[in-house]
Participant: 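Sharing a structure with you now.
Quick note: residue numbers are just sequence positions, from 1. Given the structure is predicted, the values throughout are model-derived calculations rather than measurements.
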Amino acid sequence: MSGAYARPRSGVLVGVDGSEPSMAALRWGAETAVLHETDLTIVAVVAGTAGAEVADARTALLAESQRIAAKTAAELGGKLEITTELTRGDPADVLLNRARTSCVLALGPRGLGEFSSGLQTSVTSRIAEVCPTALVIVSRWPVPPTGAADLTARGPVVVGVDGSAAGTPAVATAFDEASVRGVPLVAVYASRDAAFHDPSGHDPNGHHPSGPDTDRGPGAGQGSGTAGPETTGHEILENAIDEYRVRHPEVKVITEVTVDRPVRRLVEASETAQLLVVGSRGRGGFTGMRLGSVSTALLHASACPLMIVRDH
């Protein structure tokens with residue numbers, strides 16, 4: 001695999017604090033580890049000033065978390081190697097250090113902390129700014145009405161595309177996720193600049209199922225990830241996904257080019273998706289930039305799990 005799950009990193013890392021969102025992140029992490037045939041590590045952090053009663057509560061939380069993760073894996077019919085870790089220190093520092101060797105770090109939107117929701121939010125934001133691996137923020141994790149682990153009932157994977165080189169790992173990871181889940185991939189290019197939309201006269205807000213017989217227009221398939229002054233939104237999108245569509249012929253791809261603010265359109269798309277994937281910074285970002293404006297806005301706005309994939 002060429003996205004977040006590319007070696008030498010391995011395993012899914014989940015931080016838990018007993019809150020409902022963190023347990024949703026745990027279930028997401030367990031399912032994802034099974035799907036990618038990798039291991040799961042569950043971490044609970046005790047703040048440096050916390051007493052023994054907090055440490056005891058975190059120990060009990062880890063035992064319960066391990067039980068939930070094993071049950072989640074069993075519902076998928078898979079096996080899962082689970083490791084639990086109780087660590088004392090600053091939650092953000094602990095998880096950032098541990099994430100260096102993991103494929104993915106999954107958290108609830110309020111992070112890990114024993115105090116106010118405001119502090120918890122700041123922990124998540126700190127991690128998002130400099131996370132060395134793919135970060136997934138899970139506010140809720142849906143269960144199909146039947147109670148069965150039917151991943152196809154949860155909607156597609158959606159990826160935000162802007163044609164930048166920094167966004168390439170996000171596209172690669174989104175294809176991997178759609179493949180293992182057996183669901184379509186919706187690739188969205190949204191811009192408020194009408195000059196980047198197809199001047200041919202057809203509706204720029206249309207949805208276009210992609211396949212071997214689809215007319216992809218001039219410039220498609222070059223895979224350069226670079227948009228020239230005459231490049232349309234359709235060409236930007238097709239150039240960004242073409243290589244990975246060839247690698248994953250099993251994935252049905254739906255492309256969407258729309259005149260809209262990227263954040264607004266991606267939030268709307270997240271309402272019917274099971275995973276939204278974006279890069280850490282877009283075309284307006286610069287090398288060394290911690291987190292782009294779109295990724296930052298989506299942190300607490302996405303209606304489904306949000307995966308932010310860094311360009312390394």
Side-chain angles (χ1 to χ4, degrees), residues 2-4 104 109 128 131 134-139 155-179 181 183-193 196-198 204-210 223 225-227 231-245 248 251-286 289-312:
S2 54
V104 176
C131 188
L135 174 66
V136 178
I137 303 299
V138 186
S139 58
V157 171
V158 174
V159 60
V161 176
D162 62 9
S164 68
T168 298
V171 172
T173 301
F175 269 90
D176 287 344
E177 294 294 351
S179 178
R181 286 169 166 75
V183 299
L185 174 67
V186 179
V188 178
Y189 174 85
S191 172
R192 299 183 69 184
D193 187 352
F196 277 94
H197 294 275
D198 196 333
N205 292 322
H207 295 69
H208 307 281
S210 300
T226 302
T231 304
T232 68
H234 288 282
E235 290 168 344
I236 291 173
L237 192 153
E238 294 293 344
N239 287 342
I241 69 174
D242 189 70
E243 174 185 347
Y244 301 99
R245 181 162 44 195
H248 292 280
V251 175
K252 176 183 178 181
V253 182
I254 300 170
T255 60
E256 177 187 333
V257 176
T258 183
V259 181
D260 202 349
R261 291 198 297 268
V263 171
R264 182 167 65 182
R265 180 64 197 106
L266 290 173
V267 168
E268 185 179 60
S270 75
E271 293 173 356
T272 55
Q274 65 174 278
L275 180 66
L276 172 60
V277 184
V278 296
S280 58
R281 57 188 175 89
R283 297 183 58 81
F286 50 86
M289 186 176 184
R290 290 186 168 189
L291 198 64
S293 59
V294 172
S295 303
T296 299
L298 290 171
L299 268 176
H300 303 287
S302 177
C304 71
L306 169 70
M307 177 181 281
I308 302 174
V309 183
R310 290 199 170 273
D311 56 315
H312 293 287

Participant: For the pair E268 and R265, evaluate side chain to side chain contact (heavy atoms under 4.5 Å, CB included) and give the outcome as yes or no after the intermediate values.
Facilitator: CA-CA 5 Å; E268 185 179 60; R265 180 64 197 106; 2.6 Å; yes
Participant: Rounded to the nearest 0.5 Å, what's the gap from OH on Y189 to NE2 on H234? Could you check?
Facilitator: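 Answer for the OH-NE2 pair, Y189 versus H234, is 10.5 Å.
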Participant: As an exercise, state the distance from OG of S139 to CG of L299, rounded to the nearest 0.5 Å.
Facilitator: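 It is 11.5 Å, given to the nearest 0.5 Å.
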Participant: Could you give the distance from CG (L275) to CG (L185), rounded to the nearest 0.5 Å?
Facilitator: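 That separation rounds to 10.0 Å.
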Participant: Is a side-chain N or O of S302 found less than 3.5 angstrom from the main chain of L298, in a donor-acceptor match?
Facilitator: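 Checked: no pair found.
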Participant: Can you name the nearest heavy-atom pair linking V294 to P262, along with the distance?
Facilitator: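 Answer, listing the atom of V294 first, then P262: CG2-CB, 4.2 Å.
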Participant: Main chain of D176, side chain of S179: is a donor-acceptor contact present, judged purely on distance under 3.5 Å?
Facilitator: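 It does not hold such a pair.
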Participant: For the side chain of S280 and the backbone of R310, is there at least one donor-acceptor N/O pair under 3.5 Å apart?
Facilitator: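 Side chain of S280 to backbone of R310: no pair is present.
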Participant: Rounded to the nearest 0.5 Å, how far apart are CD1 of I308 and OG of S295?
Facilitator: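 Between atom CD1 of I308 and atom OG of S295 there are 5.0 Å.
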Participant: Considering non-hydrogen atoms only, spot the tightest contact between V251 and A178 and give its length.
Facilitator: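 Reported closest heavy-atom pair: CG1-CB, 4.0 Å.
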Participant: To the nearest 0.5 Å, what is the distance between NE2 (H300) and CG (L306)?
Facilitator: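 Nearest 0.5 Å value for the NE2-CG distance: 10.0 Å.
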Participant: Which atom names give the shortest non-hydrogen contact between P109 and I137, and what distance separates them?
Facilitator: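 Scanning both residues completely, I find the closest heavy atoms to be CA-CG2, 3.5 Å.
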Participant: Could you report the tightest heavy-atom contact between I236 and G163, atom names first, then the distance?
Facilitator: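 Of all heavy-atom pairs spanning I236 and G163, the closest is CG2-CA, 3.5 Å.
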Participant: Taking the side chain as every heavy atom from C-beta outward, state whether F175 and V159 have any pair of such atoms under 4.5 Å apart.
Facilitator: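 Answer no - side chains too far apart.
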Participant: Nearest 0.5 angstrom please: E177 CD to H248 NE2, how far?
Facilitator: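 The CD atom of E177 sits 10.0 Å away from the NE2 atom of H248.
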Participant: Write down the atom of Y244, the atom of T168, and the distance for their closest heavy-atom approach.
Facilitator: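 The answer is OH-CG2, 3.1 Å.
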Participant: Minimum heavy-atom separation for V136 to P305, with atom names?
Facilitator: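 So the two residues come closest at CG1-CB, 4.2 Å.
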Participant: Do T258 and E256 have side chains that get closer than 4.5 Å, going by heavy atoms?
Facilitator: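 In short, these two side chains touch, coming nearer than 4.5 Å.
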